Amino acid sequence: MNPGPPTRLGLITAGTLATVLLTACGGSDTPAEPTGETAEGYPVTVGTLFGDVEIEDRPENVVALGWSDAETALALGVQPVGVADWQGYGGTGVGPWASDLFDSEPERLGTMEPNLEAIASLEPDVILDTRSDNSQERYDLLSPVAPVVGPPPEVEVTYGTTWQQQTRQVAEVLGEQERGEELVTELEDRFTQLREDNPDFADLTIAVGAYFDGQYGAYVPGDTRADVLAELGFEYKPELVEMADGAFYSNLSSELVEELDADLTVVFPIGGPEAVEFLNEDPVLQGIPSAQEGRLIVLDDPELVNAFSSGSTLGVNHALDGIVPLIQETLED
């Protein structure tokens, strides 16, 4: 698993793409079947980073390619026929907090380099890509297959679509706006209650670190992990935001690991038990003041790490179940 969503995408030639589409869809001379009456509320026009996208009718075959698009669709009562398994779950391609919402396993379609032939064979009515690398090349790659709903127009940071934006945008596509607002309100109300129950959080600074493949880094607001912790009321350490320079993540050399020091430091080890063991023994990390004073949390539960990283309402709720008691215990010691 990567520290955050990757940003490179393999390209495919126009000729290859045409072959994929013709093969998967039975050729260009196959007449379209009549679809009957348009569902109430359709067509809808959805604003995206790449312009407005019109969804003619309620989608039946939904392909979810963006980070946590599949979990968001499931929370809204729609089972995608194809998913991108960004976090390497296998099976249904979503976290255990969402996997039971599938009646059967969807097709897994690739992440950075989506399998166009597999996508086209599913004959999607829409492709959800609402949390992605924001690249025109990815959009151009996918758009000949089906309407592509990319990130909202206001999203500037790669993979920076918030859980609120993603929920509302996917709900609009799927005709589930009322349920989407319910999901947003329910989770926002939970954050409000947690802040009221833990007023001391607002007086503390927080830093959110990661360790991946021998490299330290820092997540900053704009990344779901940092955003969720900031929504609990903490003030994010401003120096780390400056270092990220508009990105959601900043690499940290060994000399800069001390920048993770804050009133509370949370580090996400990515790479299995060996990464957790390293962080618990690394003299560099364990030497920063927050570690010396017992204010460092090294998350050692892979499911909790994945829940934070999911960025969906389902995953965030699961993450809060685990992290809030852990923070309370750490700050009380």
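All residue numbers in this chain count up from 1 along the given sequence. Predicted model, so just to flag it, every value in this text is computed and none were measured.
Considering all non-hydrogen atoms of both residues, T161 and P151 come closest at OG1-CB, 3.8 Å. In plain terms, the two heavy atoms of T48 and G51 that are nearest each other are OG1-O, 2.7 Å. Across all non-hydrogen atoms, the minimal contact from A98 to L314 is CB-CD1, 3.8 Å. For the pair P43 and T38, the tightest heavy-atom approach, listed with the atom from each and the gap, is N-CG2, 4.3 Å. Residues V316 and F191 approach most closely at CG1-CZ, 3.9 Å, considering heavy atoms. When all heavy atoms of S309 and T224 are compared, the closest pair comes out as O-CG2, 3.7 Å.
Note on ring orientation: taking the six-membered ring where Trp is involved, the planes of F50 and Y139 are parallel (angle under 30°, cut-offs 30° and 60°).
Under the 3.5 Å distance criterion, the side-chain polar atoms of Q215 are matched with a main-chain donor or acceptor of L252. A donor-acceptor contact shorter than 3.5 Å links the side chain of Q169 to the backbone of G47. Judged purely by atom type and a 3.5 angstrom limit, D261 has no side-chain atom pairing as donor or acceptor with the backbone of I288. Put simply, the side chain of R131 gets close to the backbone of G311: a donor and an acceptor are under 3.5 Å apart. Remark: side-chain polar atoms of S310 are not paired, donor with acceptor, to backbone N or O of S68 under 3.5 angstrom. Under the 3.5 Å distance criterion, the side-chain polar atoms of N134 are matched with a main-chain donor or acceptor of V157. Of the possible donor and acceptor atoms, none in the side chain of N198 sits under 3.5 Å from a partner among the backbone N and O of F201. Using a distance-only test at 3.5 Å, with no hydrogens or angles considered, no donor-acceptor pair links the side chain of T330 to the main chain of R295. Not a single donor-acceptor pair under 3.5 Å links the side chain of R58 to the backbone N or O of Y42. Using a distance-only test at 3.5 Å, with no hydrogens or angles considered, a donor-acceptor pair links the side chain of R108 to the main chain of G91.
Put simply, CG on L285 and OG on S290 are 7.5 Å apart, with the number rounded to the nearest 0.5 Å. Within the model, atoms OH of Y89 and CG of D85 stand 8.0 Å from one another, a figure rounded to the nearest 0.5 Å. Between atom OG1 of residue T158 and atom OH of residue Y249 there is a gap of 13.0 Å, rounded to the nearest 0.5 Å. Interatomic distance, L256 CG to L240 CG, rounded to the nearest 0.5 Å: 9.5 Å. In this structure, CD on E71 lies 14.0 Å from CH2 on W86, to the nearest 0.5 angstrom. Here the straight-line distance linking atom CG of L76 with atom OG of S312 works out to 10.5 Å at 0.5 Å rounding.
Placement of I323 and Y236 within a single hydrophobic cluster is found when ILVMFWY residues are connected by side-chain heavy-atom separations under 4.5 Å, directly or transitively. The cluster map of Ile, Leu, Val, Met, Phe, Trp and Tyr, joined by side-chain heavy atoms under 4.5 Å apart, puts V305 and L229 in the same cluster.
With a 6.0 Å radius and a threshold of 12 heavy atoms from other residues, nucleotides or ligands, E196 has its CD atom above the threshold. With a 6.0 Å radius and a threshold of 12 heavy atoms from other residues, nucleotides or ligands, E60 has its CD atom at or below the threshold. Counting non-hydrogen atoms of neighbouring residues, nucleotides and ligands closer than 6.0 angstrom, the CD atom of Q136 exceeds 12 such neighbours.
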Determine, step by step, whether T162 and Q165 satisfy the side-chain contact (heavy atoms from CB on, under 4.5 Å) criterion, reporting the C-alpha distance in whole Å, the side-chain angles of both residues, the deciding distance to 0.1 Å, and the verdict.
CA-CA 5 Å; T162 66; Q165 290 171 320; 3.2 Å; yes
Kindly determine whether V149 and I127 satisfy side-chain contact (heavy atoms from CB on, under 4.5 Å), including the steps that lead there.
CA-CA 6 Å; V149 179; I127 297 172; over 6 Å; no
Pair R168, E176 - check salt bridge (Lys or Arg N to Asp or Glu O under 4.0 Å), show working.
CA-CA 9 Å; R168 289 182 170 125; E176 296 291 341; over 6 Å; no
Would Q193 and D189 count as a side-chain contact (heavy atoms from CB on, under 4.5 Å) if you check the C-alpha gap in whole Å, the side-chain angles of each, and the deciding distance to 0.1 Å?
CA-CA 6 Å; Q193 187 62 55; D189 286 350; over 6 Å; no
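Proximity of the aromatic rings of Y211 and F268 is defined here by a centroid distance below 6.0 angstrom, and this criterion is not met.
I119 places a side-chain heavy atom less than 4.5 Å from the side chain of L65. For the pair T45/V53, no side-chain contact is recorded, criterion being any heavy-atom separation below 4.5 Å from C-beta on. Between L74 and F102, the closest side-chain pair of non-hydrogen atoms falls below 4.5 Å. Using a 4.5 Å cut-off on side-chain heavy atoms (C-beta onward), T92 and P106 make contact. With a 4.5 Å cut-off on side-chain heavy atoms, T265 and I297 do not count as touching. Residues L142 and P114 are in side-chain contact: their nearest non-hydrogen atoms beyond the backbone lie under 4.5 Å apart. Contact check for L320 versus L232: side-chain heavy atoms found under the 4.5 Å cut-off.
The salt bridge (charged side-chain N to carboxylate O under 4.0 Å, His left out) pairs that include a residue from residues 227-237 are K237-E259, where partners are two or more places apart or lie in different chains. Note on residues 276-288: no pairs pass salt bridge (charged side-chain N to carboxylate O under 4.0 Å, His left out), not counting sequence neighbours.
Applying side-chain contact (heavy atoms from CB on, under 4.5 Å) to D125 and the options I55, D57, V62, N61 leaves one that passes, N61.
Remark: R225 is positioned above the aromatic ring of Y219, its terminal NZ or CZ atom under 6.0 angstrom from the ring centre and at most 45 degrees off the axis.
Partners of T130 according to the side chain to side chain donor-acceptor pair (under 3.5 Å) rule, which considers only residues two or more places apart in sequence or in another chain, are D69, Q166.
By the 4.0 Å N-to-carboxylate-O rule, D321 lies close enough to R190 to be salt-bridged with it.
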